[in-house]
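Note on naming: letters A, B, ... go to the chains in the order of the sequence lines (proteins, then strands), and numbering restarts at 1 for each one.
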Amino acid sequence: MALTFFEKVLQVVAKIPHGKTMSYKQVARLAGSSNACRAVGNILNKNYKHQIPCHRVIRSDGTPGGYNRGENRKIKLLKKEGAL
DNA sequence: CATTTGACGCCAA
DNA sequence: TTTGGCGCCAAAT
């Protein structure tokens, strides 16, 4: 597989079911590092694909955090999907 | 190779 | 409750 953390994160995020949300910590954990929460955010920021539901990835506090397309976009999508 | 960055997480004050 | 600071990680420059 030789997947870098970068690839793993994308795969994990892509696995998030519709109407659900995961915290960066959870994603980082599944990606292989329990505390790479920072790296996860950084990766998603530089590599946002509409193929990747990055808007389903939020902070542990429940706050949406940020989004390349605008936080508003993220919040809207989550509400629409019923994640909130 | 060394340094910087960043959509974070958790704790203490 | 809110703010500030520290820790941790991987990619980018």
Evaluate side chain to side chain contact (heavy atoms under 4.5 Å, CB included) for A:Leu30 paired with A:Lys15, printing each intermediate quantity in order.
CA-CA 11 Å; A:Leu30 296 176; A:Lys15 284 172 189 175; over 6 Å; no
Quick check on contacts: within residues 11-35 of chain A, what sits under 4.0 Å from DNA chain C by heavy-atom distance?
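Listed by number, they are A:Ser33, A:Asn35.
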Hey, does A:Lys46 reach any base, or is it just sugar-phosphate, or nothing, if we go heavy atoms under 4.0 Å?
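It contacts sugar-phosphate atoms only.
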Assign A:Arg38 to base, sugar-phosphate, or nothing according to its heavy-atom contacts below 4.0 angstrom with the strands shown.
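Base contact - A:Arg38 has a heavy atom under 4.0 Å of at least one base atom.
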Just grab all the side-chain hydrogen bond (donor to acceptor under 3.5 Å, both in side chains) pairs involving residues 39-49 of chain A, residues at least two apart or on different chains.
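Sorted result for residues 39-49 of chain A: A:Asn45-A:Asn68.
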Sequence neighbours excluded - side-chain hydrogen bond (donor to acceptor under 3.5 Å, both in side chains) pairs with any residue from residues 26-39 of chain A:
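Applying side-chain hydrogen bond (donor to acceptor under 3.5 Å, both in side chains) to every pair that reaches into residues 26-39 of chain A, excluding sequence neighbours, yields nothing.
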Grab the two heavy atoms, one from [X] and one from [Y], that are nearest each other, plus how far apart they are.
X	Y	value
A:Pro64	A:Ile75	CG-CG1, 3.7 Å
A:Ser23	A:Val57	C-CG1, 4.3 Å
A:Thr63	A:Ile58	O-CB, 3.6 Å

All side chain to side chain donor-acceptor pair (under 3.5 Å) counterparts of A:Arg56, not counting sequence neighbours:
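In terms of side chain to side chain donor-acceptor pair (under 3.5 Å), with neighbours along the sequence ignored, A:Arg56 is linked to A:Glu81.
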In chain order, what residues pass the side chain to side chain donor-acceptor pair (under 3.5 Å) check against A:Asp61, with sequence neighbours excluded?
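Only A:Arg59 meet the side chain to side chain donor-acceptor pair (under 3.5 Å) criterion with A:Asp61.
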Is it true that atom NE2 of A:His18 has more than 12 heavy atoms of other residues, nucleotides or ligands lying nearer than 6.0 Å?
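For A:His18, atom NE2 is crowded (more than 12 foreign heavy atoms under 6.0 Å).
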Please identify the 5'-most and 3'-most nucleotides of DNA chain C with any atom under 4.0 angstrom from a heavy atom of chain A.
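Under 4.0 Å from chain A, the extent on DNA chain C is C:dG7 to C:dA12.
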Residue pairs passing the salt bridge (charged side-chain N to carboxylate O under 4.0 Å, His left out) test where at least one lies in residues 64-77 of chain A, sequence neighbours excluded:
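As it turns out, there is no salt bridge (charged side-chain N to carboxylate O under 4.0 Å, His left out) pair with a partner in residues 64-77 of chain A once direct neighbours are skipped.
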Is A:Tyr67 linked to A:Leu44 within one hydrophobic cluster, defined over Ile, Leu, Val, Met, Phe, Trp and Tyr using a side-chain heavy-atom separation of less than 4.5 Å?
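Shared cluster, no.
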Nucleotide interval of DNA chain B bounded by contacts with chain A (heavy-atom cut-off, under 4.0 Å)
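Under 4.0 Å from chain A, the extent on DNA chain B is B:dT5 to B:dC10.
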First encountered from the 5' end of DNA chain C, between A:Cys37 and A:Ile43:
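It is A:Cys37, whose closest nucleotide lies nearer the 5' terminus.
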Report the residues that fulfil side-chain contact (heavy atoms from CB on, under 4.5 Å) with A:Lys20, sequence neighbours left out, ordered by chain and then residue number.
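Residues passing side-chain contact (heavy atoms from CB on, under 4.5 Å) with A:Lys20: A:Ile16, A:Pro17.
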Just jot down the side-chain contact (heavy atoms from CB on, under 4.5 Å) partners of A:Glu7, sequence neighbours excluded, or say none.
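For A:Glu7, the residues satisfying side-chain contact (heavy atoms from CB on, under 4.5 Å) (neighbours in sequence not counted) are A:Leu3, A:Thr4.
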5' precedence on DNA chain B between A:Asp61 and A:Asn42 (nearest-nucleotide basis)
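The residue whose closest nucleotide sits nearer the 5' end is A:Asn42.
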In what stems does DNA chain C take part, counting only runs of at least 3 consecutive Watson-Crick or G-U pairs whose two distances fall under 3.5 Å?
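Listed by first number, the stems are B:2-6 with C:9-13, B:8-13 with C:2-7.
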Can you list, by residue number, the residues of residues 63-70 of chain A that have a non-hydrogen atom closer than 4.0 angstrom to DNA chain B?
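When residues 63-70 of chain A is checked for heavy atoms under 4.0 Å from DNA chain B, the hits, listed by number, are A:Gly66, A:Tyr67, A:Asn68.
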